[in-house]
Amino acid sequence: MKKIIIPMLALVSGVALTSCEDQLDIEQKGATDIPSFYENDADCEAALAATYESFTLYTESRGNGDGPGIYTPAKVMANHAGDDVNYGGGNYGDHEFGGSVDEFRYKHTPEAIDYHYRFLYFPIYKANLLIDNFKDAKTKFQKQAIAEARVLRAYNYFLLACYWGQPPFVEHPIDADVLVPNGEKTQQEYYEWVAKECQEAEADLTERANTADKKGAYRVTKGFANALAGKALMFAGDFAGAKTALKKVIDSGKYALVSGDDFANLFHVEGDGCPEKIFECNLEYNPAADWWTGVGVHSTWMEANCFNWRAGNFKVNPANKYCGIDGWGSIGIPEWYGIAFHENDGDSKRFKATMMHIDDAVYQTSGIEGMKYADDNLNNMSLEEKKASTEIGISDIGQGLYGQSFYLGFKHILRASDCNDGGMYGDNGRLNNIIVMRYAEVLLNYAECCLRTGDPGTALTYINMIQSRAGSKTISAAATLDVLKEEKSYELWFEGCRFQDILRWSKLDNSAYDQACIARLQKQGSAVPHLFDKLFRPVKSTDENVVWEHGSEANSRFYIVHTHEAKDAGFEVGFTEKCRLFPYPISVMDQNPSITQNPGW
């Protein structure tokens, strides 16, 4: 007889439900017959909770299925293939799961691709169980639960279609021995299906009460269904349809941009459930649960290590007091992007919340609260003393800061308040919510659809809203696709949009802007920056392509040299046309030989 395992912890609407175990006979040990389980609203709520829980599991740091993995494969897949990110770490080969994706030198199964593919299907399985077993919904709540599960499932299929093109389509529970081939839906048909699922589900969904309704950001609502439908239709090329769906979100009045002063909080625990959040994965947990089955599986375990600056390569970590935990520096900002962003924004609130110049980091001149050394003797030095001091700076003489340029990523490094305090793994668990969609993306997607349907005036209104909130020195006088593309690149850095947008735009427009983006992708891995400090490591005669932070050695303490270790090791690096789709993991193809590998892999 078929069995279903009931999760020990369930999350819906930001409230930790009691364990479903107390509904079962002890002898069943957490398993019950399917016909006995799917009967009433309480059962439906538990099944919905299991679907939300599995969705949270997919989003971040799942490993081999036995418990939390590490290194945030979802964010590697969504961001590190873009032209606006370098994969850092300690050196070439460190964190290879991300470095190989960043430089397009994987063949089939780097861990990020393997883990993320498999865990995108796990929530689909849970959603299918709920949808099928309550298909004859008898109550309003059961209809709502089905609608929420349909939208969660649709979101995962949207990602699967983006990444793999024509992945296997499963919308009903199947036996383990059933092998589903890929290719039954085209990528275009997937996008259209996602939109249709969201549109059909909308009528049975609840709506966020108002902009102050935090719980309305923690579950699937009409707002998220319309936002996802609009995005899917935009990817399908139906810009008029996308415009209609996205306008519903805008006209609802349930969402709003936060102030420029609060922009930085969007990516930390202080911003959870704020007016700008369309949907985010809620990481609240049952305090009675133990760390592993409770906190651990609902946090982005070891993201703190990955995203925070490479502490050991500094003489003293400039961010230790701000973060509360040292890091490995996996997120690097390419030179071109930091320069372009600053030229566009100046020292805007958005810019300062997104990245920090190495001078501001080492000399502690950013003005950001909490960015101070733990030792006040260092803080109390004058600026001129700091510039000449070897008590601070980048002390590593072998790698410097690998993959880093003059601007360090700041948007996603952790504040001490984001971290698990005293849990099983210290402060490695990041507990602020995972953003799936925020209002700024809706506005920018709507602006693009306006441009593509002959309404540049309305597009400009929404682009200017984003620019004004940012405090950018650039407030555009006219709306063009290039203006839209640039603005989106600054507003949504490292939020899972850039790489897929480049692929879409380069096919749709192939403008000079798009060609420049592709050209940068093609060079990934050919010249990897290392950020050095001349007080610890003077320039060597063998250094390639030395770039000083302020134009000359006399005016600069920090400089960049470039290497190409992967090419030296014989790897092919850089984007090629086959990289428009990721390869299917070999581990999956071994289990399901009916899958045909994507072209070129």
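This one's a predicted model, so the numbers in the text were calculated from it and none came from an experiment.
Aromatic ring centres of Y121 and Y125: separated by at least 6.0 Å. In this structure, H80 has its ring center under 6.0 Å from that of F494. Note: W493 and F351 fail the aromatic proximity criterion, with ring centroids not under 6.0 Å apart. A ring-centre distance under 6.0 Å is not found for F119 and Y115. In this structure, Y373 has its ring center no closer than 6.0 Å to that of Y363. Aromatic rings from F532 and F536 are positioned such that their centres are separated by 6.0 Å or more. Remark: aromatic rings of Y322 and F410 are close, center separation under 6.0 Å. The aromatic ring centroids of Y190 and Y157 lie less than 6.0 Å from each other.
Across all their heavy atoms, Y117 and P168 have their closest contact at OH-CD, 3.4 Å. Counting all heavy atoms, side chain and backbone alike, S348 lies closest to G471 at CB-O, 3.3 Å. Closest non-hydrogen pair, I560 versus P529, comes out as CG2-CB, 3.6 Å. Between F582 and W601, the shortest heavy-atom distance links the atoms C-NE1, 4.1 Å.
Looking at heavy atoms from C-beta onward, E111 lies out of side-chain contact with P73 at the 4.5 angstrom threshold. Contact annotation: the side chain of F341 never approaches that of Y407 to less than 4.5 Å [non-hydrogen atoms, C-beta and beyond]. Considering only heavy atoms from C-beta on, L581 comes within 4.5 Å of Q187 through its side chain. Between H530 and Q404 there is no side-chain heavy-atom pair separated by less than 4.5 Å. Contact annotation: the side chain of C281 never approaches that of N433 to less than 4.5 Å [non-hydrogen atoms, C-beta and beyond]. In this structure, the side chains of T563 and Y92 stay at 4.5 Å or more apart for every pair of heavy atoms. For the pair I113 and W164, the minimum side-chain heavy-atom distance is below 4.5 Å.
Between E572 and R105 there is no salt bridge, since no side-chain nitrogen of the basic residue lies less than 4.0 Å from a carboxylate oxygen of the acidic one. Ion pairing between R438 and E280 fails under the 4.0 Å rule for side-chain N and carboxylate O. Taking a cutoff of 4.0 Å between a charged side-chain nitrogen and a carboxylate oxygen, E270 and R415 qualify as a salt bridge. Electrostatic pairing of R310 and D326 does not count as a salt bridge here, judged by no charged N lying under 4.0 Å from a carboxylate O. Between K534 and E549, no side-chain nitrogen of the basic residue sits less than 4.0 Å from a carboxylate oxygen of the acidic one, so the salt-bridge criterion is not met. A salt bridge is absent between E103 and K567: the closest approach of a Lys/Arg side-chain nitrogen to an acidic carboxylate oxygen does not fall below 4.0 angstrom.
Heavy atoms from other residues, nucleotides or ligands lying under 6.0 Å from CG of L508 number more than 12. Remark: K523 NZ is loosely packed, at most 12 non-hydrogen atoms of other residues, nucleotides or ligands lying under 6.0 Å away.
A cation-pi geometry, defined here as NZ or CZ lying under 6.0 Å from the six-membered ring centre and within 45° of its normal, holds between R520 and W336. A cation-pi arrangement is absent between K349 and F263, since the terminal nitrogen or guanidinium carbon is not both under 6.0 Å from the aromatic centre and inside a 45° cone about the axis. Annotation: cation-pi pair R504/F235 present, NZ/CZ under 6.0 Å from the ring centroid and within 45° of its normal.
Under 3.5 Å, the side chains of S382 and E384 contain no donor-acceptor pair of N or O atoms. Residues D345 and S472 have side chains that bring a donor and an acceptor to within less than 3.5 angstrom of each other. Side-chain atoms of H562 and D543 include no donor-acceptor pair closer than 3.5 Å. Counted by atom type alone, H268 and D418 present one or more donor-acceptor pairs between their side chains at under 3.5 Å. When only modelled atom types and interatomic distance are considered, S587 and D590 share no side-chain donor-acceptor pair under 3.5 Å. In this model, a donor atom of one side chain and an acceptor atom of the other lie less than 3.5 Å apart for D376 and N379. E495 and H412 are not linked by any side-chain donor-acceptor pair at a separation below 3.5 angstrom, with hydrogens and angles left out of the test.
The one candidate from V362, D396, D533 that meets the side chain to side chain contact (heavy atoms under 4.5 Å, CB included) condition with F314 is V362.
Taken to the nearest 0.5 Å, the CZ atom of R557 stands 10.5 Å off from the NZ atom of K387.
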